[in-house]
Amino acid sequence: SRGSPFPPGPPSNWLIGNILNVSPQGAWIAFEKFRKQYGDLLFFHGLGNRVLVLNTMQAVNELLERRPNVYSHRPEFTVVGELMGLGQSVPLLPYDKEWREHRKLAHLALSPTAVKRFTGVQEDLAALLNKMLMDNPDNFFDHVRLTAGRIVLSVTYGIPVDKADHEYITHAEDTMIMIAKATVPGAYLCDLLPFMKHLPFWVPFQREAAHGKWMIERLVTMPFEHVKRDMALGKAAPSLTKQLLELESNDRDLFEHRVKWMTGALYGAGGETTYATVLTFMMLMAMHPDVQKRMQQELDAVVGVERMPCVDDKPELPYVAAVIKEVMRWQPALPLSIARRSAEDDFYDGYYIPANTIVIPNVWAISREQGKKYDPDAFIPERYLDLEEPALDPATFAFGFGRRICPGKYLAENSVFILISCIAASFNITPPAGERIVPKFGLNLVSYPQPFKIIIVPRSSERADLIVRKTSECSEI
Ligand code: HEM
């Protein structure tokens, strides 16, 4: 350590260090408390683990953006990564040649230019969401969930699904819940003591690992084989998987393996985050009628009542853009982003960061770095329209950082924009009569609102007619 100390953190016990202060769920809340006490870098250690929490954009820029060779790896998970096989999937792949090959494939379909091909599907699915919200408003959670899943399934595999309980969607959700639990550092003793992976099959965690492996294999294989089957029959719809499978390759087996795992990663990672953001928006609209009204005035002036908003309207709708930014800042879908691992010993700000430290960018704390002018905990979209002291754009922190920044960012930005604009243009959202919404959010990797009630009513009969007209024109999805 060349005499440099570890970064500060809560007091340590001689036997187990201070690692037990890192709670497996909702840790951003405890980190916030420690930040006030110990400052912007927090260090925890014990039981063979080291965790560094970065609470400022400056520290994140300095380490994750400017030192990519040190900070672009992921933590190693013996159970979920090695035994369950998720280590082959881009979010958990080490920062190496294989990871770069997967990211190249993702880029082909998800670059800012490439995602323009999908705006028609996104607009149709936004209209279908409006129809479901109009016909059966009480089930809005299911409708938003279905729509977010549909967008990813359509884009990735060209597969139509018509119910939120469709096998592909429920299996993806069950698998993501299992993965979220298994990727909490220390979820399995075997992650701390990797030699345990050699224990026999009847040991309970080995059975869980075998079941997890089956679920993950099924998640990536089922829709992939579906596309291959349809391609062989000449009836596959356009999709990212089809586009990639049509490319030439020298080693076909290796190439197909990559395509399967890369598209599976998009499918797994793309639904929940979009779903969380749109639900948070709907909750906030019921809490802030003034914001909802101002958004609707802007949409009416730019889009009118003859048509639904489309992705091309984006540059003309600065207030809508400010609301979306504020939704993503006020409750980031991934409050602790996805953790990294340092590949070698490093020094920052006079402190020593040993190799193999788990590094957590605290997006929650960064979202609260707002200067003195606006209350960081209040929902105020105007903070983005302030020309003198504009707030930090969440596009710079909500989608991650540096080389591992979210590859689905541009697709997600279009999805969130079109879903939110169409909802705001078509409906008034209010709390149930005489009730007040008290926001509560889940404490897992992806944090979305806990069940809440709202009333969703079309703004006028013209709006209701437009929804029916637009959905009748939608191509079959
Ligand atoms: C509002 C929506 C979304 C948010 C807020 C979001 C956020 C994030 C964040 C914070 C990361 C971690 C990046 C890092 O380590 O620095 C990430 C990674 C990732 N995201 Fe997203 N994401 C969203 C939508 C999507 C979509 C739609 C897709 C797929 C189409 C996707 C695919 C991925 C993948 C594959 C990774 C892993 C990248 C890697 O490890 O190299 N995401 N996302």
Side-chain angles (χ1 to χ4, degrees), residues 54 60-61 63-65 68 71-75 81 86-96 98-111 114-115 118 121-122 144 147-157 172 176 179 183 220 239-241 261-281 324-325 327-329 331-341 358-364 366-367 394-420 445-448:
L54 308 176
V60 164
N61 280 337
L63 300 184
L64 308 196
E65 300 271 357
Y71 293 100
S72 298
H73 288 271
R74 295 287 187 206
L86 195 66
Q88 315 166 66
S89 179
V90 65
L92 284 196
L93 274 173
Y95 179 61
D96 62 6
E98 187 61 17
W99 171 83
R100 261 184 283 281
E101 293 296 332
H102 284 236
R103 293 283 305 214
K104 267 191 226 155
L105 294 177
H107 184 75
L108 279 179
L110 298 173
S111 69
V115 296
F118 305 123
V121 173
Q122 288 168 304
V144 176
T147 304
R150 269 177 159 176
I151 292 178
V152 190
L153 272 171
S154 289
V155 167
T156 316
Y157 301 109
M176 293 315 290
I179 291 174
T183 44
V220 301
S239 72
L240 160 58
T241 307
W261 280 91
M262 196 285 294
T263 49
L266 300 183
Y267 171 41
E272 259 188 311
T273 38
T274 307
Y275 159 58
T277 309
V278 175
L279 282 176
T280 305
F281 161 78
I324 293 173
K325 286 180 188 166
V327 170
M328 297 186 73
R329 182 201 71 81
Q331 179 66 38
L334 283 119
L336 296 178
S337 201
I338 303 181
R340 307 290 183 86
R341 177 175 58 84
I358 293 175
V359 179
I360 302 182
N362 188 354
V363 168
W364 176 263
I366 292 170
S367 75
T396 61
F397 56 81
F399 291 101
F401 310 96
R403 304 271 162 91
R404 284 206 99 124
I405 194 164
C406 173
K409 178 172 184 263
Y410 304 106
L411 181 77
E413 283 180 335
N414 284 348
S415 295
V416 167
F417 168 80
I418 197 64
L419 297 177
I420 285 182
L445 181 73
V446 181
S447 173
Y448 36 83

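Both ligands and their constituent atoms are indexed starting at 1 by order of listing.
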Test of proximity, T274 against ligand 1: N or O pairs below 3.5 Å: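 Not met; the criterion fails.
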
N or O contact, F401 vs ligand 1, cut-off under 3.5 Å: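 Yes, there is a polar N/O contact under 3.5 Å.
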
Parallel, tilted or perpendicular: ring planes of Y448 versus Y275, cut at 30 and 60 degrees: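 Answer is tilted, since the angle falls between 30° and 60°.
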
Side chain to side chain contact (heavy atoms under 4.5 Å, CB included) evaluation trace for Q88 with E98: CA-CA 9 Å; Q88 315 166 66; E98 187 61 17; over 6 Å; no

Residue-ligand contact [X]/ligand 1, heavy atom below 4.0 Å:
X: R340; answer: yes
X: L334; answer: yes
X: R403; answer: no
X: W99; answer: yes

Donor-acceptor side-chain pairing of Q331 and T280 below 3.5 angstrom: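 Not at all, the side chains of Q331 and T280 share no donor-acceptor pair under 3.5 Å.
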
So which protein heavy atom does [atom] come closest to, and at what separation?
atom: atom 29 (C) of ligand 1; value: L266 O, 3.7 Å
atom: atom 25 (C) of ligand 1; value: C406 SG, 3.6 Å
atom: atom 23 (C) of ligand 1; value: T273 OG1, 3.3 Å
atom: atom 34 (C) of ligand 1; value: P407 CD, 3.5 Å

Option nearest atom 28 (C) of ligand 1 (shortest heavy-atom distance, choices G264, S89, G270, G268):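 Residue with the shortest heavy-atom distance to the ligand atom: G270.
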
R340 (side chain) donor-acceptor with Y71 (main chain) under 3.5 angstrom: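 Yes: the side chain of R340 pairs with the backbone of Y71.
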
For T277, atoms of ligand 1 separated by under 4.0 Å from a heavy atom: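 Heavy-atom distances to T277 below 4.0 Å select 1 (C).
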
Numbering as shown, the atoms of ligand 1 that approach R103 to under 4.0 Å (heavy-atom distance):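 Here the atoms of ligand 1 in question are 38 (C), 39 (C), 41 (O).
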
Within 45° cone of Y95 ring axis and under 6.0 Å: R100 NZ or CZ: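 Checked: cation-pi criterion met.
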
R74 contact mode with ligand 1 (heavy-atom cut-off under 4.0 Å):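 Side chain only.
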
Test log, rule side chain to side chain contact (heavy atoms under 4.5 Å, CB included), inputs R341 and V359: CA-CA 6 Å; R341 177 175 58 84; V359 179; over 6 Å; no

